[in-house]
Amino acid sequence: MTFIERTRGRKHRVITAAVALAASALVLAGCTATGPGGGTPSGAANYNIVVMPKSLGNKYFAASDAGAKSAIEGFNGTYTEAGSNEASPTSQSPFIQTAIQNGAGAIILAANDPEAVCADLKDAMAAGVKVVTFDSDTNCRDAFINQATVDGVAQGLVDLAVKNFGTSNAVQIAIVSGGPNATNLNAWVDSIKAKLVAQAPNIQVVDVVYGNDVDADAYNAVKGVITAHPELDGIIAPDSVSVKEAAHYLQDTPALQDTIWLTGLGLPSELRDYIKAGVFDQFGLWDVGALGQLAAYTAKALIDGEITGAEGDTFTTPLGDYTVGKGGEIVLGPLFVFDKSNVDNFDF
Ligand code: RAM
């Protein structure tokens, strides 16, 4: 893995696996000497915050992390991005241990698996490090920032499918997801399948395949599922890499554009040209930058002791006031649907 260091000022570092352990001394270069957790010897709050996306190189997380960075630097914290190029269940473990060693005040993490890094995160919390998950949850953290409710995301995509296919004609669709263990994706897939059975049993899910958040894997997963199901009428891809590669494959195979309907969750910046070219019509998402910002403000509120992550806790942020819900979940807002009329209004 290559070592990437972007030295835009003292407070921004990117750490990859091969370098994580070696760089531990480096990371502290930009921080005051700190103990793990919220406090510093001077008693000042420890806003040394490490952000761990599912993987590096995914434009969705580049956008969320940019949001977190701007918020963290806005309250004079230190932002570090750490991660691997692979969105695999345990890929984040060494970074969590490095963050503990380096005296982080908080870890903000999007999980590739609900359980796989829990031992490391429990080490972090035992050391006083605040743990906030965002986008995709784990079973071990102080608070979770959910971009939209699982029900809201699934219902939004099901509504687009029903709008296209109706509730009478028998059709076959496939779901092209991302990482096979990802908490968020599996929750959406299960909810989409259950809602279709309940609301539109004519729309049959004939297969669920995985693109691993890797462009080539996603492209091949789309090609494979279309080849395996010659009667296929549509694809739902609730993953930004998979929906982009599904559009890419349909663009490469124009004859399929009239027979395969597509929707999913993706970035306007990556999908606008496909929408304008008529490869497909609509997709959903949320303000990814705001998701990263809210995760950062939540980490600050935990470090400051303003909240503990208990249900009912409330806190104020530049994005507005938020209340911690059941199980420590904080919801950013509803799913937003993009199409030709609005896709140019967004740059993420
Ligand atoms: C991918 C990841 C991420 C998900 C988006 C929609 O980037 O799977 O977790 O929220 O797609």
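Every number for a ligand or one of its atoms is a count from 1 in the order of the listing. When a residue number appears, it is its place in the shown sequence, counting from 1. The structure displayed is predicted, hence computed values, not measured ones.
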K.L.:
Provide the number and element of each atom of ligand 1 under 4.0 Å from a heavy atom of F61.
P.N.:
3 (C), 9 (O)
K.L.:
Which residue supplies the protein heavy atom nearest to atom 11 (O) of ligand 1, what is that atom called, and how far is it?
P.N.:
S240 N, 2.8 Å
K.L.:
Measure the spacing between NZ of K276 and CG of D344 and express it to the nearest 0.5 Å.
P.N.:
3.5 Å
K.L.:
Go through the steps to decide whether Y274 and L262 satisfy the test side chain to side chain contact (heavy atoms under 4.5 Å, CB included), and finish with yes or no.
P.N.:
CA-CA 11 Å; Y274 295 116; L262 172 66; over 6 Å; no
K.L.:
For atom 9 (O) of ligand 1, what's the nearest protein heavy-atom neighbour? Residue, atom name and distance, please.
P.N.:
D135 OD2, 2.5 Å
K.L.:
Where does W188 meet ligand 1, judged by heavy-atom distances below 4.0 Å: at the side chain, the backbone, both, or neither?
P.N.:
side chain
K.L.:
Measure W286 to ligand 1 on non-hydrogen atoms and call it side chain, backbone, both or neither using the 4.0 Å cut-off.
P.N.:
side chain
K.L.:
Give the minimum heavy-atom separation between V225 and A174, together with the two atoms involved.
P.N.:
CG2-CB, 3.7 Å
K.L.:
Provide the closest heavy-atom pair for F346 versus P268 in the form atom of the first, atom of the second, distance.
P.N.:
CB-CG, 3.8 Å
K.L.:
Which pairs count as ring-ring contact (aromatic ring centres under 6.0 Å, His included) when at least one residue sits in residues 310-333, sequence neighbours excluded?
P.N.:
none
K.L.:
Give yes or no for whether the N/O distance cutoff of 3.5 Å, strictly under, is met between S136 and ligand 1.
P.N.:
no
K.L.:
For ligand 1, which is the ligand I care about here, please tell me if D239 has any N or O atom under 3.5 Å from one of the ligand's N or O atoms.
P.N.:
yes
K.L.:
Geometry only, no angles: is N58 polar-contacting ligand 1 at N/O separations under 3.5 Å?
P.N.:
yes
K.L.:
Main chain of A237, side chain of S242: is a donor-acceptor contact present, judged purely on distance under 3.5 Å?
P.N.:
no
K.L.:
Enumerate the atoms of ligand 1 whose separation from the nearest heavy atom of D213 is less than 4.0 angstrom.
P.N.:
2 (C), 8 (O)
K.L.:
Heavy-atom distances under 4.0 Å decide this one: backbone, side chain, both or neither, for V241 against ligand 1?
P.N.:
neither
K.L.:
Using a strict 4.0 Å cut-off to heavy atoms of K54, name the atoms of ligand 1 that fall inside it.
P.N.:
2 (C), 3 (C), 8 (O), 9 (O)
K.L.:
Return the CG to CZ distance between N146 and F134, rounded to the nearest 0.5 Å.
P.N.:
12.0 Å
K.L.:
For a quick test of reading the model, state the closest non-hydrogen atom pair linking V50 to A82 and the distance between them.
P.N.:
CG1-CB, 3.9 Å
K.L.:
For ligand 1, which atoms have a heavy atom of Q147 less than 4.0 angstrom away?
P.N.:
10 (O)
K.L.:
Out of all atoms in ligand 1, which are within 4.0 Å of some heavy atom of N184? Include the element for each.
P.N.:
3 (C), 4 (C), 9 (O), 10 (O)
K.L.:
Determine which pairs satisfy ring-ring contact (aromatic ring centres under 6.0 Å, His included) with at least one residue from residues 174-229, sequence neighbours left out, and list them in order.
P.N.:
W188-W286, Y219-H248, Y219-Y249
